[in-house]
Structures are given as C-alpha cells and as structure tokens.
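Beneath this line is the structure, given in structure tokens, with notes to follow.
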2 protein chains.
Amino acid sequence: MNRSTQALFEARARIVKALAHPTRLFIVDRLSKESTCVCELTRLVGADMSTVSKHLSVLKSAGIVSDEKRGLQVFYRLKTPCILNFFSCVEGVLKANASEQASLVR
Amino acid sequence: MNRSTQALFEARARIVKALAHPTRLFIVDRLSKESTCVCELTRLVGADMSTVSKHLSVLKSAGIVSDEKRGLQVFYRLKTPCILNFFSCVEGVLKANASEQASLVR
DNA sequence: TGCCTAATTGGCACTATAGCCAAATAGACA
DNA sequence: TGTCTATTTGGCTATAGTGCCAATTAGGCA
C-alpha cells in the first residue's frame, strides 16, 4: 500500500470511526429526523451532558454534523443524509447474520 | 434511550466498528474487486500476516466477509457489497470537508 | 453588573484496540 | 510419517477511546 493510498483510507477511516459508537449512531439517527439541541440529546441519550457534547464534537470534526447557536442552546443538524443509506446496508448485514444464526439452530 | 433501542444501536455500532480502520477499509475495497487470499492481502497491506489475519477475523465476526479454504490458502470475499454505497457517501463527506477548508482560505 | 442556564473543556481512571513476535494448527505432498 | 507452507492464536506492550466530575466559557436577562 503506497503513501497516497494509505492517506485515502486513513481519511475514510476517520469518517467511519466517527460513526463507530452506539451513542453517536443514535444521535445521527435522531438528527436525521430533526435538528436537536444538546440539552434534548442529553435527555434522550441519558448520559452526562459533557459526554454527549464530546460525541457531538467527534461528529462535527468529521464533518458529519454542523452546529448553530440559538439563544442559550446549540442545535445540531445532520450535514450528510446519505449516511442513512449506509444504515440500511448495516441493517441488511444484521439480518443476514441473524438468519445465518437461525439456520445453525434449525 | 430504552433497553431495546440501546441494543439496536449497539448492534449497528458493532458493524460500523468493524469497518473503522484504514487497513480493514482497504481490505474491503480490495475484496469488492475480487476474492483474495490472506497471503496476497498481507503483501498488499504490507503488515505482519498475523495482523492482517486479525483484521480479517474482525470483519468476519461482523458478518462483512466470509472465508473459504482452497488448498493451503484461505480466500476471503465480501458478503455485503452494499457497503460500497456507503463509501461513496464517505467520499462525499470528504469532498464537502475539503471544499469547506478551501473556502476558508479563499 | 450579577446571576442563571447551556454547553464545552480539562483531567483522570478504566477499557478496548492495534501490531508485533512467537507458538500452534491445518493441509498438501514427498 | 515427516516436512513445508499458509494461516490463526496467544501474549505482550503501546496507544486510543470512553465517561464521569469539576471547572470554564458564553450568552440571556433581571
């Protein structure tokens, strides 16, 4: 693997890594429905606000979400809805895995 | 977030995590072109074979690839080509990020 | 100005992941 | 059977990610 190939896959991996956490996937799912403030996301996730804020900053640095201040609150929105297509694929993998498991038991 | 929602997003995260490494993305990219033995992947990646083998086992446990023994060699293939759609989205994120960077300099 | 709320940042402990080497396993084939 | 090759597994160290608490920042509002 040469240097530029490596750089390409590292760049891709940074994006994928930003998504590789259940809480962040939950946040992306929620933001795909409507843009939401940190306080509301904190309530929905049920973790410390500092934790949620750090997850959001991971998503933001990857360029997946953007933020906007409205009064005291900061609202986040999904910049890249195409990520949702990926989730349907992930869902497909999960189903395939499940039916494979099932066939082993059958 | 209730228990079953949590379980759902954890399951999804397991799949995404399995992809969240440059070497594994490279392997998936390669396997999308043709099924390949570990020895060839090792050569292409340029790491220790044990390292590549462990990456492959991560992808396999996630249900993303499958393996088949042919003589002395083990060939891996991509089980879930829909993952490639995701990469085009990731590429889109990268391009968007790049043009945002560019506009800051402009 | 001073206080209140929303959010971010720093710091720390804990856990998970990565990659190498060495050892073990599994076939092929003389 | 014994040896060779391809692959996997164990074990270790180093590095990265997570989540909480505490402290800080930033804006709204009396």
Side-chain angles (χ1 to χ4, degrees), chain A residues 1 5-7 9-28 30-31 34-77, chain B residues 1 5-7 9-28 30-31 34-77:
Chain A
M1 185 153 43
T5 307
Q6 175 126 18
F9 285 98
E10 275 168 7
R12 289 181 181 176
R14 272 192 291 278
I15 311 285
V16 180
K17 270 190 191 183
L19 292 166
H21 190 284
T23 299
R24 294 198 290 270
L25 290 179
F26 175 84
I27 289 173
V28 166
R30 165 71 193 198
L31 297 185
E34 58 180 319
S35 68
T36 311
C37 67
V38 182
C39 50
E40 175 69 359
L41 289 170
T42 297
R43 202 183 60 72
L44 292 169
V45 169
D48 195 277
M49 185 180 271
S50 70
T51 301
V52 173
S53 176
K54 281 178 184 175
H55 282 307
L56 286 165
S57 98
V58 170
L59 290 169
K60 188 182 162 189
S61 337
I64 294 166
V65 305
S66 62
D67 60 342
E68 181 201 356
K69 190 135 199 177
R70 296 189 207 158
L72 278 180
Q73 301 175 328
V74 177
F75 279 75
Y76 280 82
R77 72 177 186 85
Chain B
M1 186 153 41
T5 307
Q6 177 128 17
F9 285 98
E10 275 168 7
R12 288 182 182 175
R14 272 192 291 277
I15 310 284
V16 180
K17 270 189 191 182
L19 291 167
H21 191 286
T23 298
R24 294 199 288 270
L25 290 179
F26 176 83
I27 289 172
V28 167
R30 165 73 192 199
L31 297 185
E34 58 179 320
S35 69
T36 310
C37 68
V38 182
C39 49
E40 175 69 0
L41 288 170
T42 298
R43 203 182 60 72
L44 291 169
V45 169
D48 195 277
M49 185 181 271
S50 71
T51 300
V52 173
S53 176
K54 281 179 183 175
H55 282 307
L56 287 164
S57 101
V58 169
L59 290 170
K60 189 182 161 188
S61 333
I64 296 167
V65 304
S66 62
D67 61 342
E68 180 201 357
K69 191 134 197 179
R70 295 187 206 160
L72 278 178
Q73 302 176 327
V74 178
F75 278 75
Y76 280 82
R77 72 178 186 85

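Per chain, numbering begins at 1; letters A, B, ... match sequence-line order.
The residue among B:Glu40 and A:Val58 whose nearest nucleotide of DNA chain D lies closer to the 5′ end is B:Glu40.
Judged by distance alone, the side chain of A:Arg24 and the main-chain N or O of A:Lys17 form a donor-acceptor pair under 3.5 Å. Side-chain N or O atoms of B:Ser57 include one that pairs as donor or acceptor with a backbone N or O of B:Lys54 at under 3.5 Å.
Atom CG in A:Asp48 sits roughly 16 Å away from atom P in C:dG10 (whole-Å rounding). Across the protein-nucleic acid pair, B:Arg14 atom CZ and C:dT17 atom P stand 11 Å apart, rounded to whole Å. Distance B:His21 NE2 to D:dT15 P: 15 Å, rounded to the nearest Å. Nucleotide C:dA18 holds its P atom 13 Å from the CG atom of B:Leu56, rounded to whole Å. One atom, CE of A:Met49, and another, P of C:dT9, lie 14 Å apart when rounded to the nearest Å. As rounded to whole Å, 12 Å separates atom P of D:dT7 from atom CD1 of B:Ile27. Look at NZ on A:Lys54: it is 8 Å from C1' on D:dC20, rounded to the nearest Å. For the pair A:Gln6 CD and C:dG19 C1', the computed distance is 14 Å after rounding to whole Å.
Between A:His55 and A:Leu59, every side-chain heavy-atom pair lies at or beyond the 4.5 Å cut-off. Residues A:Gln6 and B:Pro22 are not in side-chain contact: their nearest non-hydrogen atoms beyond the backbone lie 4.5 Å or more apart. Residues B:Asp67 and B:Leu56 form no side-chain contact, since every pair of their non-hydrogen atoms from C-beta on lies 4.5 Å or further apart. Counting only heavy atoms from C-beta outward, the side chains of B:Thr42 and B:Thr51 never approach each other to under 4.5 Å. Between B:Arg77 and B:Leu31, the closest side-chain pair of non-hydrogen atoms is not below 4.5 Å.
For B:Thr51 and C:dC20, the shortest distance from a side-chain N or O to OP1 or OP2 is below 4.0 Å.
In the set D:dT9, C:dG19, D:dC20, C:dG19 carries the atom at the smallest distance from any side-chain atom of B:His55.
Taking a 4.0 Å limit (strictly below) on heavy-atom distances, residues 63-77 of chain A reaches DNA chain C at A:Leu72, A:Gln73, A:Val74, A:Tyr76.
When heavy atoms are screened at a 4.0 angstrom cut-off, A:Ser50 is found touching base atoms of the nucleic acid.
B:Lys17 contributes no side-chain N or O that forms a donor-acceptor pair with the base of D:dG17 under 3.5 Å.
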